[in-house]
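Everything on this sheet refers to the single structure shown next.
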Amino acid sequence: MASPKPRSFKGTRDFTPREMIPRERIIDTMKRVFRLYGFSPLETPALEMLSVLTGKYGDEGEKLLYKLDYKNDDFENRVALRYDLTVPLARVIASHPEWPVPFKRYQIQPVWRADKPQTRQGRFREFYQCDIDTIGAPEGLADAEILALTVAMLDELGFKDGDKRAVVQLNHRKVLEGITVHAGHPREDLAGFCRALDKLDKIGREGVNNELKQIGVTDDGLRRLDDVLPLGESDKSPHEVIDALRGVFADEPVALEGLDGLALILTNLEQLGTPLDRINLNPALARGLDYYTGAVFESTLPDQPHIGSLTGGGRYDKLIGLYGGGDKPAVGTTIGLDRMFAAMEQLGMADTEAQTVTRVLLAAWSEDQFEACLRAVRVFRAAGVPAEVFPTTGKLKKPFSHADKLNIPYVAVIGPDEADHPDGLHVSLKDLREGTQDTVPVEKAAELVSR
RNA sequence: GUCCGAGUAGUUCAGUUGGUUAGAACGCCUGACUGUGGCUCAGGAGGUCGUGGGUUCAAAUCCCAUCUCGGACCCCA
């Protein structure tokens with residue numbers, strides 16, 4: 001029997017220790033922030049009933065569902081891999097009407113899309129999503145909390161100062177509705193207008209103008225956008241932008257409602273301690289998805305325009321109701337984990353050197369010292385130092401070479417001199433980066449290595 | 001789903017109008033160095049040239065098919 005060539009399914013990835021070590025550290029940081037804001041963990045199954053998923057993502061999205069074939073294929077009971085984390089959340093909420101609201105959860109799990117992957121552009125068939133949502137809270141505090149959390153998390157990860165500074169772009173669907181009407185476009189096609197506008201940073205103002213013309217916006221309408229869109233690129237504070245927009249939309253009550261909503265969110269944000277210079281009120285921010293009903297937001301790195309948004313979300317008050325149990329207001333954000341890692345790697349913010357968590361590798365000079373090695377490793381572990389014993393004795397070249405290849409920072413050698421030291425068990429501790437070596441009691445070695 | 005390009009050692013690739021036994025670099029293993037990694041030097045292992053068929057005295061090279069991979073479009077995170 002010929003063994004098949006080992007290969008992985010296209011669009012899926014292995015995360016090697018070298019990748020997982022920084023990845024886990026970043027995820028741990030994020031979870032800590034989520035918890036500080038009172039969001040609790042939720043996990044849902046990879047498999048969902050197909051009937052739960054159909055009709056939620058539109059025709060384009062539906063084609064991307066991974067549907068599973070069953071023997072005795074039973075239409076009622078077909079299943080599919082989850083496509084996102086929002087629909088499963090909606091299912092959970094709908095099946096627990098007794099849960100007190102607001103319900104706040106974070107969820108970090110993979111989702112699957114039967115897309116043609118372009119791995120270099122960061123598009124995969126299996127990828128992680130990280131969602132934070134508050135269900136059952138009206139516009140105001142919940143929106144502000146999501147934004148405050150986003151800024152706090154980005155700060156903790158190092159997206160705080162200089163060219164790594166992240167800024168949250170903020171807008172409101174009702175303001176966008178006002179802009180749509182202001183451009184002379186029918187209110188009913190807000191979604192189409194937003195889809196075109198959302199491409200602004202990708203295809204530029206010219207490209208957006210072309211797209212808008214295609215859906216019927218006139219030249220005069222395009223000119224009227226000049227009253228509004230440039231405000232997003234000005235140095236004005238969010239409150240100043242809102243005041244300017246109040247003037248433009250004096251006769252458009254829906255837009256004024258949106259501006260009131262934004263003002264409330266900003267006030268809450270300030271009281272929560274988020275500096276408003278991290279918020280950019282940007283009337284050009286649209287977000288492509290058409291289920292948003294209120295605030296929409298994205299976080300970007302203004303000095304790294306090629307990286308794209310790190311997080312994105314908004315308020316969606318009508319979506320949960322689609323799954324039964326009545327309308328429930330909701331607001332949330334998605335964190336683009338893969339994009340975040342890519343950004344941190346590009347900007348040199350992640351440690352990509354470590355290939356193992358081991359801090360110290362113990363090596364016995366001969367079989368006679370192997371037991372002493374096992375006693376010594378216990379001391380390191382008890383001190384909280386990740387340590388392991390090289391499994392063979394004899395040539396010390398092997399453990400040293402192994403430590404070198406894996407970037408293990410320390411090797412502790414135990415030979416007759418160390419094992420039978422009159423002052424108790426010693427190790428010869430070598431710092432591979434410095435090339436220095438000292439023979440010290442094992443307890444002392446554990447202390448040296450732990451800092 | 002549509003349109004292009006590429007498949008040769010573990011990896012990145014070279015390989016001339018078809019012509020002895022298919023090469024390099026890096027990586028891997030061994031030794032120089034019987035208590036010590038990186039650097040250096042010497043040696044070694046590793047390939048049915050993606051797969052199947054065809055043309056030819058002769059195919060990695062030319063032709064056909066097929067599979068896989070990469071890029072562009074659409075869509076999205």
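Here is the naming used below: chain letters follow the sequence lines, and residue numbers restart at 1 for every chain.
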Check: Does W365(A) or K405(A) map to a spot on RNA chain B nearer the 5' end, using the closest nucleotide for each?
Finding: K405(A)
Margin query: By nearest atom, which of the nucleotides C28(B), U36(B), G35(B) is closest to the P416(A) side chain?
Written below: G35(B)
Checklist line | Separation of atom CD in E434(A) from atom P in G38(B), rounded to whole Å | finding: 18 Å
Margin query: Among U36(B), A77(B), G37(B), which nucleotide has an atom closest to any side-chain atom of L396(A)?
Written below: U36(B)
Next item on the list: Please measure how far the P atom in A60(B) lies from the corresponding atom in U68(B), and state the result in whole Å.
Entry: 25 Å
Next item on the list: Can you figure out which of G37(B), C76(B), G35(B) approaches the side chain of E418(A) most closely?
Entry: G35(B)
Note to self: Closer than 4.0 angstrom, basic N to acidic O: yes or no for R173(A) and D317(A)?
What the structure shows: no
Next item on the list: Round to a whole Å and report the spacing from CZ of F400(A) to P of U34(B).
Entry: 14 Å
Next item on the list: Have a look at G435(A) and say if it touches a base, only the backbone sugar-phosphate, or nothing, with a 4.0 Å heavy-atom cut-off.
Entry: base
Next item on the list: Please indicate whether R378(A) has more than 12 foreign heavy atoms, meaning atoms of other residues, nucleotides or ligands, lying under 6.0 Å from its CZ.
Entry: no
Next item on the list: Give one of base, sugar-phosphate or nothing for D417(A), where a contact means two heavy atoms less than 4.0 Å apart.
Entry: base
Note to self: Taking the P atom in each of G71(B) and U55(B), what is the distance between them to the nearest angstrom?
What the structure shows: 37 Å
Notebook entry, point to check: Partners of D417(A) by side-chain contact (heavy atoms from CB on, under 4.5 Å), sequence neighbours excluded?
Noted result: none
Item checked: Separation of the P atoms in A9(B) and U51(B), to the nearest angstrom -> 10 Å
Check: Taking atom types as modelled, is there a side-chain donor on T180(A) or E177(A) under 3.5 Å from an acceptor on the other?
Finding: no
Next item on the list: Return the nearest nucleotide to the side chain of S428(A); candidates are U36(B), C76(B), G37(B).
Entry: U36(B)
Item checked: Secondary-structure stems, RNA chain B, at least 3 Watson-Crick or G-U base pairs under 3.5 Å -> B:1-7 with B:67-73, B:10-13 with B:23-26, B:28-32 with B:40-44, B:50-54 with B:62-66
Notebook entry, point to check: From the list G38(B), G35(B), A77(B), which nucleotide is the closest neighbour of the side chain of R113(A)?
Noted result: A77(B)
Notebook entry, point to check: Can you find a donor-acceptor pair, distance only, under 3.5 Å between K397(A) side chain and U36(B) base?
Noted result: no
Next item on the list: Applying side-chain contact (heavy atoms from CB on, under 4.5 Å), name anything that partners K318(A), two or more places apart in sequence or on another chain.
Entry: T293(A), D327(A)
Notebook entry, point to check: Which whole number of Å gives the distance between the C1' atom of G47(B) and that of A24(B)?
Noted result: 14 Å
Next item on the list: Could you give the distance separating A25(B) and C39(B) at their P atoms, to the nearest angstrom?
Entry: 16 Å
Note to self: If I take atom OH in residue Y83(A) and atom C1' in nucleotide A77(B), what distance separates them, rounded to the nearest angstrom?
What the structure shows: 9 Å
Notebook entry, point to check: Can you find a side-chain donor-acceptor pair between T439(A) and S428(A) that sits under 3.5 Å?
Noted result: yes
Notebook entry, point to check: Can any side-chain N or O of K104(A) pair as donor or acceptor with the backbone N or O of Y37(A) at less than 3.5 Å?
Noted result: yes
Notebook entry, point to check: What's the closest nucleotide to the V413(A) side chain, out of G35(B), A77(B), G37(B)?
Noted result: G35(B)
Notebook entry, point to check: Any side-chain donor-acceptor pair under 3.5 Å between Q107(A) and T44(A)?
Noted result: yes
Notebook entry, point to check: Between G50(B) and G15(B), how far is it from one P atom to the other, in whole Å?
Noted result: 15 Å
Under 3.5 Å, N/O pairs linking protein and nucleotides 2-5 of chain B:
none

Check: Sequence neighbours excluded, which residues qualify as ring pair (Phe, Tyr, Trp, His ring centres under 6.0 Å) partners of F34(A)?
Finding: Y106(A)
Note to self: Would you say K398(A) places a side-chain N or O within less than 4.0 Å of OP1 or OP2 belonging to C33(B)?
What the structure shows: no
Checklist line | Interatomic distance at P, U16(B) relative to A22(B), whole Å | finding: 15 Å
Notebook entry, point to check: Taking 4.0 angstrom as the limit, do K444(A) and D438(A) come out as a salt bridge?
Noted result: no
Notebook entry, point to check: So which one's nearest nucleotide on RNA chain B is more toward 5', R125(A) or I414(A)?
Noted result: I414(A)
Notebook entry, point to check: Can you name the side-chain contact (heavy atoms from CB on, under 4.5 Å) partners of S401(A), sequence neighbours left out?
Noted result: K405(A)
Check: When rounded to the nearest Å, what value does the distance between C1' atoms of G27(B) and G38(B) take?
Finding: 15 Å
